[in-house]
Amino acid sequence: MSGRSHSHRPNRGLQAYAALFMVFLYGPILIIPLFSFVDALYVRFPIEALTFRWYGELWRREPVIDALGNSLYVAAIVSVVSTAIGVFAAKAIARNRVPGTGAIVTFMMLPLVVPGIIFAVAILIVLNRMGVALSLYTVMAGHLVVCLPFAIWSLLPRFEGFDPSMEEASGDLGENGWWTFWRVTFPIMAPGIAASLLMTFTVSFDEFIMAFFLSGTQQTLPIFVWGQLRFPSQFPSILALSTLILAASFATVFLSLWIGRIGLPKAATGEIPK
Amino acid sequence: MTEPSDPLISIRDVSKRFGTFKAVDGVSLDIRRGEFFSLLGASGSGKTTLLRMLAGFEAVSDGRIVIDGQAMEEVPPHFRPINMVFQNYAIFPHLNVRDNIAYGLRKFRPTPAQREAMVDEMLDLIKLPGYGNRRAHELSGGQRQRVALARALILKPKVLLLDEPLGALDKQLREQMQLELRLLQQKLGITFVLVTHDQEEALTLSDRIAVMSKGAVIQVDTPTGLYERPKNRVIAGFIGNMNFFDATPSSTGSPQVDVQGLGLVAVNGRVRARSDGATTLIAIRPEKLALHSEAPVTGGVAGVVQALQYLGGRHMVHVTLAGRDTPVAVALQGGQADVTLTPAPGQPVWISWKDDAVLVLDAD
Amino acid sequence: MSGANAGTGAVISARPATAGRLSRLMFRHEVLRGYTMLAPALVIMVLAILLPFVLMIVMSFWDQVGFDFDTTPTLQNYREIAEKPIYSALLLRSLWVSGIATLATVLVCYPMAYFVAFHVHRHKMLWLIIITLPFWTSYLMRIFSWKVILGYEGVINSGLMSIGLIDAPLDFLIYSPGAVTLTLAHTWAAFALLPIYVSLEKIDRSVLEAAADLGDSPLVRFFRITLPLSMPGVIAAVFLMFIPTVGDYVTPTLVGGPDGAMIGNLLQVQFGGVNNWPMGAAIAVVMVLAIAVVGLCFLALTALFRRWAT
């Protein structure tokens, strides 16, 4: 009997457990799309008829389109800014021998762990004291705090796996920092940067707590959905809207994780193939 | 123009600290124009850090680096008249061979025709014509090395730095590339500075070698010089064979020292007495010892043959001396008249040497 | 080089060894270079984390007067939190509900992480992506789906009624601490799974083989090797889930009802309907302190346990 067999023998019990786990994970989420096609005002069994009309109704409602536009606007700006800043931060953390790197990384990752409401409230207080009116820009500021750790988190392994001699070679061949970035760093890091853009875009697009405290009269999509939850008559169209949000988020995040993990071509790591 | 005898690179009291660790400690070196110069040392000896300071990837902590009359301490890599071949070659994975080679040309704004001509010239030089459209991952290790060379040489640097460029290659390819590198350097006349931990490589390629250890340069000399006049035990030991003897000096400048197993040996006052009474180190190359089957007229030391080693073209005889644990190696050159027969183990013999064969080494 | 390409020889001109003063400064000091690149991120983090935090602490000593603040320092807010039972009750409930949800999630996630680490050999990456996918997507939607499932007229009740198992909706399904616990566990499962998986994946397989070689049965091997070696991941998972969930208010609002309300709800209303910001700031500060205390206790306990176990 080989020593590895214990890990290669299929374990029926664990397989069944894994299947159950996946049902628990995805079952509740799939309820929303399922009922968004049901032709009834309430979510209930038995399902009598299916329809697409809730989806059709969505596009006739201006607030939905406005909120969608706001969310896309916020997410687009936040994803670009947080990724741009994240690239430099991740590069500095991975490359330069900077004292206190550990403490700085911990500090920057705080928003991933500390309850969102604490940051939201604290930022709200600062904005209030500085006399800044709430708007989509304050939402962007809040989202930047949430998205920056994600950007650094997704870019850091990239930079750690990125052969520093590539940039040194560029400097050696006469290019300064600016050109080295655009001719070497950016093309080699492109998959990581794309992954970070997609990831931060989704996180911002879906973010609720910061937006809840920091948005003014213009609502983002999650805030709009939250407001509509009070009205039972809106329920089916909210299900339809939620389905669209979920589908878009799933697709974007899947793409981001996929590019982020396997987007590394073998050559990009600077390894010498056998 | 500067005189040809002027050093192209002048390194003065250069140090590099990482925190409290001194990677390079007060190194001074001159590298001449058109020279193939090697920095030889084990890993951690500071040779790579010194090279990276020449290239500008590390700033010097102390000291001066002057290249062709220009102070370099504050000059970033992209302004230095130096190019480098990296240890892993650092071929840009997103560019093909042609674009890799032409990478550094952007600043000089060549016309497309000039650019193509220059790249083609380089491809010919590295004997890879027709490889222009390959990607980095489609090249073998040796081919990558050639591309890295071409990429640096196209910029006509005053100095080419090579960071263990042959380390990733197998033995056969390495020997072939050593020869090519040497020929290329002689053809182009560019100053090459090579970092290596391989003594053979340094000896084969270099005009001069700086041996480094613990961040300092121990000795700078030609390959012959290192062989004939090694400064300490490490250098004496790593090139060829060497017999080491402990000696007790009686006083500074004394004409003779008492050497274990050899008795009194003339050193012509080259030994300094040590106040702590410690021994000093004497070394004699096996081929500088003569073997006699009968006692010579003067100055022979008697011993017994312990073992015989055939080394292809010559014999190495190991001779046991009274009062010494390690046998002494004596190389038997083909035409040595005194030995009519190949000595057999157990046979009594005598060894002798000339005064100038005795090397006095620094304490480590 | 040969003179065959006379036209190209002139392209390379001597490179001037000059650099601007700033570029020289940057070149000499690598640390400075590093901090310059970190600066934008650091500035944002300081402006958006440190400054607000400090101001929040300061504000917690103020008093709300109408729409304005009385900025004379006072302990009034903290006194009220200490004296009125509602604060401590909600805080304790939050810690309790989060604690139970964290415990349940870690227990549920461990076997799954074990499965992926040891029993998935092909498409491991795909498995991981699919498991963590829901975590990155809309938080609100995931909680909302539980409201749809557990509600009076939700999926479970209407389903059970339509097949005739029950006559009236089960009212304990939603608006209870149990509903909050279940929802939190589901919402954060992917987050808790990752560190456990990483710690399991890091275990050197030859160690397990050595244990098997030395005669340990699979079960004994699990308790003597796998579990102890994966404890750092478990502890990380506990922290990563417990800390953020204590302050959650969306889950209790949607599925908690009055009985399931948590400290986050109390905090939120101070900035909404009640409009007492200094009180809200004080609650936030107390919440952070409570989380820190519980976290440190947990760390101390695991350290003690580890010392006892070895």
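To find a chain, count down the sequence lines: A is the first, B the second, and so on, and within it residues start at 1.
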#### Entry: Heavy-atom side-chain proximity of A:Y17 to A:R12 below 4.5 angstrom
no
### Message
Applying the side-chain contact (heavy atoms from CB on, under 4.5 Å) criterion to C:L254, which one of C:V148, C:L150, C:L140 satisfies it?
### Response
C:L140
### Message
What part of A:F250 gets within 4.5 angstrom of chain C, counting heavy atoms only: side chain, backbone, both, or neither?
### Response
both
### Message
Can you tell me which of C:M241, C:M37, C:K147, C:M59 forms the most heavy-atom pairs within a distance under 4.5 Å of chain A?
### Response
C:M37
### Under 4.5 Å from any heavy atom of chain C - which part of A:I125
both
### Task
Decide whether A:N11 and C:Y114 meet the rule of one side-chain donor and one side-chain acceptor closer than 3.5 Å.
no
### Message
Among A:I29, A:V203, A:D206, A:L221, exactly one meets side-chain contact (heavy atoms from CB on, under 4.5 Å) together with C:S138. Which residue is that?
### Response
A:D206
### Query
In terms of heavy-atom proximity below 4.5 Å to chain C, should A:I118 be classed as side chain, backbone, both, or neither?
both
### Query
Does the distance from a Lys or Arg side-chain N to an Asp or Glu carboxylate O, for A:E167 and A:K91, drop under 4.0 Å?
yes
### Query
Given the options C:W146, C:F144, C:Y139, which has more heavy-atom pairs under 4.5 Å with chain A than any of the others?
C:F144
### Message
For C:I243, which atoms come within 4.5 Å of any heavy atom of chain A: side chain, backbone, both, or neither?
### Response
both
### Query
Measuring heavy-atom distances to chain C, does A:A141 have an atom under 4.5 Å in its side chain, in its backbone, in both, or in neither?
neither
### Query
Which one, A:I104, A:T243, A:N176, leads in non-hydrogen pairs under 4.5 Å with chain C?
A:I104
### Task
May I ask you to decide if the ring planes of A:F212 and A:F208 are parallel, tilted or perpendicular, using 30° and 60° as cut-offs?
tilted
### Message
Less than 4.5 Å to any heavy atom of chain C: does that hold for the side chain of A:E207, its backbone, both, or neither?
### Response
neither
#### Entry: Between C:T36, C:L267, C:L240, C:I291, the one whose heavy-atom pairs under 4.5 Å with chain A are most numerous
C:L267
### Query
So what's closer than 4.5 Å to chain A heavy atoms on C:L193: side chain, backbone, both or neither?
side chain
### Summary
When the 4.5 angstrom heavy-atom criterion is applied to C:M141 and chain A, the contacting part is both
#### Entry: Toward chain C, the part of A:F254 with a non-hydrogen atom under 4.5 Å
both
#### Entry: Side-chain donor-acceptor contact under 3.5 Å, C:D248 with C:T251
yes
### Query
Where does A:F205 contact chain C at under 4.5 Å (heavy atoms): side chain, backbone, both or neither?
neither
### Message
For the residue pair A:S196 / A:T83, report whether a side-chain donor-acceptor contact shorter than 3.5 Å exists.
### Response
yes
### Task
Kindly say whether the aromatic ring centers of A:W178 and A:F181 come within a distance under 6.0 Å.
no
### Message
Given heavy-atom pairs under 4.5 angstrom as the criterion, report whether the side chain, backbone, both or neither of A:L124 touches chain C.
### Response
both
## Note on the structure
If you tally heavy-atom pairs under 4.5 Å between each of C:Q270, C:Q268, C:R142, C:R33 and chain A, the highest tally belongs to C:Q268
### Message
Which one wins on heavy-atom pair count under 4.5 Å against chain A: C:A117, C:G151, C:P134, C:A48?
### Response
C:P134
### Task
Kindly assign one of parallel, tilted or perpendicular to the pair C:F222 and C:Y110, based on the angle between their ring planes and the thresholds 30° and 60°.
perpendicular
### Query
Measuring heavy-atom distances to chain A, does C:M287 have an atom under 4.5 Å in its side chain, in its backbone, in both, or in neither?
side chain
### Task
Could you have a look at C:I49, C:V250, C:I44 and say which one has the most heavy-atom pairs with chain A under 4.5 angstrom?
C:I49
